[in-house]
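Right, one structure below, let's go through it.
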Amino acid sequence: MTIRTSIKYLGEHTGKTVLLEGWVYNSRSSGKLGFLMLRDGTGIAQCVVSRADVGDELFSRFDELTQESSLTVIGEVRADGRAPGGYEIGVESFQLHQQAIDYPIAPKEHGTAFLMDHRHLWLRSRRQHAIVLIRHEIIKATRDFLDNNDFILVDTPIITPNAVEGTTTLFEIDYFGQPAYLTQSGQLYNEANAMAHKRVYCFGPTFRAEKSKTRRHLTEFWMVEPEMAYCDLDENMIWAEKLIEYVVGRVLENRAAQLDMLERDRAKLEAVTAPFPRISYTEAVDILHAAGQEFEWGGDFGGGDETVISEQYDRPVIVHRFPARIKAFYMKVDAEDARLALGMDVLAPEGYGEIVGGGQREENLDVLLERLAEEDLDPETYQWYLDLRRYGSTPHAGFGMGIERVVAWICGLPHVRETIPYPRMLQRMEP
RNA sequence: UGGGCCGUAGCAUAAUGGCAAUGCACCCGGCUGUUAACCGGACGAUUGUUGGUUCGAGUCCAACCGGCCCAGCCA
């Protein structure tokens, strides 16, 4: 009897005849023996076609198995030390579905531009396959952590009439004659949802029209944003820390093979355990000065500054209490120092920079109105948001975690363009 | 948006201002245990575009187009 299965389950079927459906990853042959590396999305298996076993007629068709042709293979599973993975298929028959002619990506090195142009095919390669699996694990672990801690997923809109961050980085669209924008953050809506459910999160794409060409920026990226009612800055930092610790642990537990495929140093990830060091913005500035960096108190950290700070530690570091001037209007001012806002950033180690940003929100209506005026924002467009301070306002806090930057860090990738299947960047919208 | 670097065969690279070369892929032939298989053969280029300097330009100059890296801004 033939068992229809997938490559990841081959070990359960030793000695049995199975049917596999997949694509040719690579093939090579000698006069009477053919080796086919079959890729089926769950793994890669070596299939051996022997002329003596299948006959001249079928063996002559081995040549049709060009790279990335699709086919079904039937054969016996056997344990064999010579096969990558430890198991191979002794092919009894195979049926070609479609022969791929001149597949563009050779098992050879290619330039970035060429690979990005063929992103839809590049995703089939081992390395990209591993990255997508780790991305999946990170997203699933994030949601499991939040779900298991009484957070409710409450979706926030993608089309919005107003901005959260600076207005220079918005994508504007025509909404039936009215200007509208693609969301930069679900945060304002999250605050409303937290007043209904206590602990909530949103998870979705966000859009920033920043004209930045760096290894850490996409114009479309995915962000998970938890928001908690009756939560202060200290508790907020604990949630962020616990989330990151859990996510890294899950990837180590379930995707070690993929990390090894990417040649990621797992010891660096094993060090990521709570508690993370916490330093104030002012202490961070001292670190920069001690390292000989030019930096004036009151400014925002650049990529180089973040690297210097994060290099002091073997795990993520939380920087808190920033100058209020460089933070958004909704951030609560520190009661102990009016120059400071109760914000926090989590900087990943190894120079990967900011992966989380958040803080405690201002819950006082009058203070919020003042801050809106200071930032030259029109209170009229924020009436529904201000209602949250009129009807049962509470201390609350939250943060956003950028999925692509977390994937880049955990995978040890040099650029975020490989962390998302179809990256959207300043100079690229296709495929 | 600034600064730097780069565009040569399907892909990756080489070529002092002087015959555009090599490897891989594709195609043909050989090989019964290959691991990005190996061995032999064949095919494949208006050197990103336009103009200029020169006896002569892939190479030098200018503009444009495209890309990479760095910076600013951010997750």
Side-chain angles (χ1 to χ4, degrees), chain A residues 25-37 44-53 59 62-63 66-68 78 80-85 88 90 100-118 122 125-127 164-170 184-187 205-225 240 299-307 326-328 343-348 352-358 399-409 414-417 419-420 425-428:
Chain A
Y25 195 76
N26 198 358
S27 68
R28 43 188 166 264
S29 74
S30 53
K32 290 170 181 149
L33 202 56
F35 295 94
L36 160 70
M37 301 305 288
I44 296 178
Q46 173 163 287
C47 304
V48 184
V49 184
S50 161
R51 173 177 265 169
D53 293 346
F59 189 80
F62 186 84
D63 290 342
T66 53
Q67 191 186 3
E68 288 302 326
R78 52 193 191 216
D80 193 313
R82 292 171 295 186
E88 66 177 21
I101 305 294
D102 293 337
Y103 184 70
I105 302 178
K108 185 78 167 97
E109 52 200 82
H110 294 283
T112 310
F114 176 82
L115 289 170
M116 289 306 301
D117 285 342
H118 296 84
W122 189 22
S125 71
R126 267 189 233 246
R127 189 182 156 80
V164 177
E165 310 287 341
T167 49
T168 53
T169 62
L170 287 162
Q184 294 176 307
S185 163
Q187 193 214 303
T206 55
F207 307 87
R208 302 208 181 158
E210 289 159 0
K211 296 202 169 172
S212 46
K213 294 186 291 188
T214 80
R215 60 176 68 183
R216 298 162 55 205
H217 285 84
L218 297 168
T219 55
E220 176 182 299
F221 65 96
W222 288 69
M223 189 156 66
V224 60
E225 296 178 272
D300 216 343
F301 300 131
D305 301 321
E306 287 181 350
T307 300
I326 58 171
K327 290 294 176 182
M344 62 104 177
D345 284 354
V346 179
L347 306 183
Y352 279 93
E354 185 179 351
I355 51 172
V356 162
F399 60 88
M401 182 171 86
I403 296 297
E404 286 74 21
R405 286 194 183 171
V406 172
V407 175
W409 163 50
H415 198 297
V416 290
R417 67 185 155 220
T419 64
I420 185 167
M425 297 177 290
L426 182 59
Q427 68 283 19
R428 178 175 294 277

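Letters A, B, ... are given to chains in the order of the sequence lines, protein chains preceding strands, and every chain is numbered from 1.
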(message) Between A/Thr219 (side chain only) and A/Leu426 (backbone N and O only), is there a donor and an acceptor less than 3.5 Å apart?
(response) no

(message) Can you tell me whether the side chain of A/Arg405 and the base of B/C74 have a donor-acceptor pair closer than 3.5 Å?
(response) yes

(request) Mind checking which stems touch RNA chain B? I mean at least 3 consecutive Watson-Crick or G-U pairs, both distances under 3.5 Å. (result) B:1-7 with B:65-71, B:10-13 with B:21-24, B:27-30 with B:38-41, B:48-52 with B:60-64

(message) Students often get this wrong, so: under 4.0 angstrom with heavy atoms, is A/Gln67 touching a base, only sugar-phosphate, or nothing?
(response) nothing

(request) May I ask you to say what A/Arg127 touches in the nucleic acid, namely base, sugar-phosphate or nothing, with a heavy-atom cut-off under 4.0 Å? (result) nothing

(request) For the pair A/Thr419 (side chain) and A/His415 (backbone), establish whether a donor and an acceptor sit closer than 3.5 Å, ignoring hydrogens and angles. (result) no

(message) For the P atoms, the ones on B/U59 and on B/A14, what distance do you get once it is rounded to whole angstrom?
(response) 16 Å

(request) Please determine, for the side chain of A/Arg82, which listed nucleotide (B/U34, B/A25, B/C70) has the closest atom? (result) B/U34

(request) Return the stacking result for B/G33 and A/Phe35: yes when the ring centres lie under 5.5 Å apart and the planes under 30°, no otherwise. (result) no

(request) Output the single nucleotide from B/C26, B/U32, B/G33 whose closest atom is nearest the side chain of A/Ala52. (result) B/U32

(request) For the pair A/Arg82 and A/Asp80, find out whether any cationic side-chain nitrogen is under 4.0 Å from an anionic carboxylate oxygen. (result) yes

(request) Could you check how far CZ of A/Phe59 sits from P of B/G30, rounded to whole Å? (result) 12 Å

(message) Exactly one of A/Glu404, A/Glu306, A/Glu354 should register a side chain to side chain donor-acceptor pair (under 3.5 Å) with A/Arg216. Which one does?
(response) A/Glu306

(message) Can you say whether a donor on the side chain of A/His110 sits under 3.5 Å from an acceptor on the base of B/C11, or the other way round?
(response) no

(request) Using whole Å, report how far CD1 of A/Ile355 lies from C1' of B/C74. (result) 14 Å

(message) If I take atom CZ in residue A/Arg126 and atom C1' in nucleotide B/A36, what distance separates them, rounded to the nearest angstrom?
(response) 9 Å

(message) Please classify the nucleic acid contact of A/Glu88 as base, sugar-phosphate, or nothing, using heavy-atom distances under 4.0 Å.
(response) base

(message) Using whole Å, what does the distance between atom C1' of nucleotide B/G67 and atom CE of A/Met425 come to?
(response) 11 Å

(request) Select base, sugar-phosphate, or nothing to describe what A/Phe114 touches, counting heavy atoms under 4.0 Å on all strands. (result) sugar-phosphate

(request) Over 60° means perpendicular and under 30° means parallel, so classify the ring planes of A/His110 and A/Phe114, tilted if in between. (result) parallel

(message) Reading RNA chain B from 5' onward, which residue's closest nucleotide shows up sooner: A/Arg51 or A/Asp345?
(response) A/Arg51

(message) Expressed as a whole number of angstroms, how long is the span from A/Ile101:CD1 to B/A25:P?
(response) 16 Å

(request) Kindly point out which of B/G33, B/C69, B/C73 is positioned nearest to the side chain of A/His217? (result) B/C73

(message) Under 4.0 Å, counting only non-hydrogen atoms across every strand here, what does A/Val406 touch: a base, just sugar-phosphate, or nothing?
(response) nothing

(request) Taking A/Thr66 for its side chain and A/Ala100 for its backbone only, find out whether a donor-acceptor pair lies under 3.5 Å. (result) yes

(request) Could you state the atom-to-atom distance from CE of A/Met401 to C1' of B/C74 in whole Å? (result) 17 Å

(message) Under 4.0 Å, counting only non-hydrogen atoms across every strand here, what does A/Gly353 touch: a base, just sugar-phosphate, or nothing?
(response) nothing

(message) Classify A/Ser29 by what it touches in the nucleic acid, base, sugar-phosphate, or nothing, heavy-atom distance under 4.0 Å.
(response) base

(message) For the C1' atoms, the ones on B/U8 and on B/G66, what distance do you get once it is rounded to whole angstrom?
(response) 15 Å

(message) Suppose you measure atom C1' in B/G48 against the same atom in B/A9; what distance do you get, rounded to whole Å?
(response) 15 Å

(message) Measure CZ/A/Arg417 against P/B/G67 and give the value in whole Å, please.
(response) 12 Å

(request) Scan A/Leu218 against the nucleic acid and name what it touches under 4.0 Å (heavy atoms): base, sugar-phosphate only, or nothing. (result) base

